[in-house]
Amino acid sequence: MQTSPASEALARLRRVQPPLAIIADEEGLRPFETDAYIVHRETPMLVAVPETEDQARAVVQVCRELGVPIVSRGAGTGISGGAIPRHDGVLLVLTKMRRVLEVDPLARTATVEPGVRNLYVSECAEPHGLFYAPDPSSQSICSIGGNVAENAGGVHCLKYGLTTHNLLAVRAIDADGDVLEIGSQALDAPGFDLLALITGSEGNLGVITQVVVRLVPLPERIETMLAAYPTVRQAAEAVGEIIGAGIVPAGLEMMDRVVIDACERSMDMDFPKDAGALLLAEVDGGAEEALDAMERVRAILERCGASEVRVASDAVERAKLWKSRKGAFAALAQILPDYYTIDGSIPRRCLPEVLDHVFALAKEYGLTVGNVFHAGDGNIHPCIFYDANKPGDLERSEEMGARILERCIEVGGTITGEHGVGIEKLRQMCVQFRAPEIAAFHDVKHAFDPTDILNPGKAVPTLKRCAEWGGMHVHGELPHPEIPRF
Ligand SMILES: Cc1cc2nc3c(=O)[nH]c(=O)nc-3n(C[C@H](O)[C@H](O)[C@H](O)COP(=O)(O)OP(=O)(O)OC[C@H]3O[C@@H](n4cnc5c(N)ncnc54)[C@H](O)[C@@H]3O)c2cc1C
């Protein structure tokens, strides 16, 4: 009797010892059919939920032998569709590998399993006067493994860097089922910088099973300011002035009127009433240093036309301000049934011009757009609202999003600042990169994953797809004919 790949994989995975949690029934598989890129869905063939590295390795080995694709998944908060499963693949969910193995206050490191929540790392480090700096707004739920795979950013990355700047070492399983130990506890490691390579690799190069992160001392003093501006353009110009003055705030975030209204409705923030845009600026450091920076930033905010500048009087007020910023994406869900978040990166000096362009596009497409973003990093997040039940609404919002990302490229920026490529931005990859660069990405993937079973079809488009989409002009013979084409 012929067996299907699903039943063969199920039978083999059921033999893994100690027994592995497997979900194979229709109802159990449903919750895993999408991540936070909700416009696409796919039911996985099977879900495997290992609790140890050995179990995760056994899953990879079975899949390799059967030629079954593997999609790794952390908390499923990714916004570009990287963890969306495949109907012919195993979804490897790593959230049960969630032990904090060590917090070393002397080395200022934490060694954690991939399923540990981002915020929990800081909670474990706090008694030692330390914290883990990269803080995505999803930090209370997203996993460290997902953060590494996406090279996640956050509101404090302006000063403290992205995930890649706060990592020391990673253990990962490659497509052959071998465990790779990448990086080291020292400041440098010999050989090629594979740690940089696996960071942001979106599940394409290996399954991350352990992470050593850098911890930093909690600042002695923190000052948080809220500045209200009549227009987004004025707020954007203030951002340029602060950075141009040589100050590096811990965070410098912006929200426009659409977002302010949504936060006000859902969190009762008592924000200034007539502001067209708000800037949230935080400085930290030694007590005198933070006070001095606060005075300098406040002077610039006022000089740039702020109608009001508030300084949080204590930790409670500060937490409330950050709650609005970190809760903004949830608050936006009240505006229309659906929205999706664009993630582009631009040189900071281009902020006023690119934001004007975003508003002009919103007008052209007749769609509502709200902006809440890491202004200090030049990392924009226009949120485009649509109603999936209205024919053509989703397609128009996707087209508008694509035009925003193309504008980011035109001004010298990139198509992602922190959310990754996933499936959402495959087309824009063809615009951002030329054929030899795309081919180099495939060569790297091939070294870790020769049979293309690790999250295939995500993060890097095939050259043929680029040629078909017309985003890239490939003349004559396609380079690297050995790279699989659809
Ligand atoms: C409300 C909201 C706010 C957000 N704010 C931010 C923000 O401020 N900054 C930011 O950077 N992002 C933000 N995000 C996006 C998202 O939270 C991050 O990309 C996060 O890093 C994803 O982690 P996750 O555990 O949910 O990963 P998932 O969504 O499960 O997976 C993301 C990608 O990583 C891969 N992956 C996951 N775990 C592993 C592993 N162990 N080994 C190998 N590959 C793996 C998956 O295959 C997929 O490609 C936000 C999302 C939401 C919903």
Side-chain angles (χ1 to χ4, degrees), residues 36 75 77 79 117-126 131-143 147 152-160 218-219 221-229 232 235 239 249-284 290 294 297-298 301 306 308-335 339 341 343 370-377 379-383 385 418-419:
T77 66
I79 304 184
R117 288 180 303 112
N118 171 297
L119 187 60
Y120 190 58
V121 181
S122 286
E123 286 167 1
C124 293
E126 194 184 357
F131 74 112
Y132 176 58
D135 56 346
S137 300
S138 52
Q139 70 179 145
S140 57
I141 42 172
C142 67
S143 75
N147 291 173
V155 296
H156 289 102
C157 291
L158 176 56
K159 175 171 178 179
Y160 293 100
L218 285 163
R221 187 175 184 120
I222 303 173
E223 296 288 348
T224 310
M225 286 154 274
L226 180 80
Y229 287 90
V232 167
V239 170
L252 191 50
E253 302 285 309
M254 196 195 298
M255 305 180 200
D256 70 7
R257 187 72 242 173
V258 169
V259 181
I260 299 169
D261 285 342
C263 289
E264 201 62 83
R265 271 200 301 276
S266 73
M267 290 177 261
D268 205 10
M269 294 301 301
D270 192 25
F271 280 144
K273 293 279 171 281
D274 302 320
L278 294 178
L279 275 186
L280 201 52
E282 186 162 281
V283 290
D284 67 8
M294 186 265 278
V297 171
R298 177 153 65 179
L301 292 171
E308 186 179 339
V309 179
R310 294 180 192 170
V311 181
S313 56
D314 55 22
V316 176
E317 214 177 307
R318 186 164 61 243
K320 190 172 176 200
L321 288 178
W322 281 120
K323 188 178 149 203
S324 71
R325 168 59 185 90
K326 294 192 177 181
F329 286 115
L332 287 174
Q334 300 175 346
I335 295 182
Y339 75 89
T341 313
D343 165 46
N371 290 279
V372 47
F373 63 102
H374 311 304
D377 302 284
N379 181 194
I380 59 169
H381 289 328
C383 301
F385 296 88
E418 55 182 17
H419 294 171

Legend entry - Min side-chain heavy-atom separation M225-L280 under 4.5 Å: no

Inset, instruction - Report yes or no: does D343 contribute a side-chain atom to a donor-acceptor pair with the main-chain N or O of H419 at less than 3.5 Å? - result: yes

Legend entry - Result of checking L119, T77, N118 against I141 for side-chain contact (heavy atoms from CB on, under 4.5 Å): T77

Tabulate below the donor-acceptor pairs under 3.5 Å that side-chain atoms of residues 326-334 make, not counting sequence neighbours, or state none.
unit_1 : atom_1 : unit_2 : atom_2 : d
K326   : NZ     : D135   : OD2    : 3.3
K326   : NZ     : Q139   : OE1    : 2.6

Inset, instruction - Please confirm whether F131 and Y160 have ring centers closer than 6.0 angstrom. - result: yes

Inset, instruction - Flag the pair N371 / M254 as yes when at least one side-chain heavy-atom distance between them is below 4.5 Å, and no otherwise. - result: no

Legend entry - Under 3.5 Å donor-acceptor, Y120 side chain and S143 backbone: no

Inset, instruction - Output the distance between atom CD1 (I79) and atom NE2 (H381), rounded to the nearest 0.5 Å. - result: 7.0 Å

Legend entry - Worked check of salt bridge (charged side-chain N to carboxylate O under 4.0 Å, His left out) between D314 and R318: CA-CA 6 Å; D314 55 22; R318 186 164 61 243; over 6 Å; no

Inset, instruction - State whether the side chain of S122 and the backbone N or O of Y132 hold a donor-acceptor pair below 3.5 Å, judged by distance alone. - result: yes

Legend entry - Backbone of V258 reached by a side-chain donor or acceptor of D256 within 3.5 Å: yes

Inset, instruction - May I ask you to test the L226-F271 pair for a side-chain heavy-atom distance under 4.5 Å? - result: yes

Legend entry - Donor-acceptor pair, side chain of E253 and main chain of A375, under 3.5 angstrom: no

Inset, instruction - Could you tell me whether the side chain of E264 and the main chain of M269 form a donor-acceptor pair under 3.5 Å? - result: yes

Inset, instruction - Take atom CD of E126 as the centre, draw a 6.0 Å sphere, and report whether it contains more than 12 heavy atoms from other residues, nucleotides or ligands. - result: no

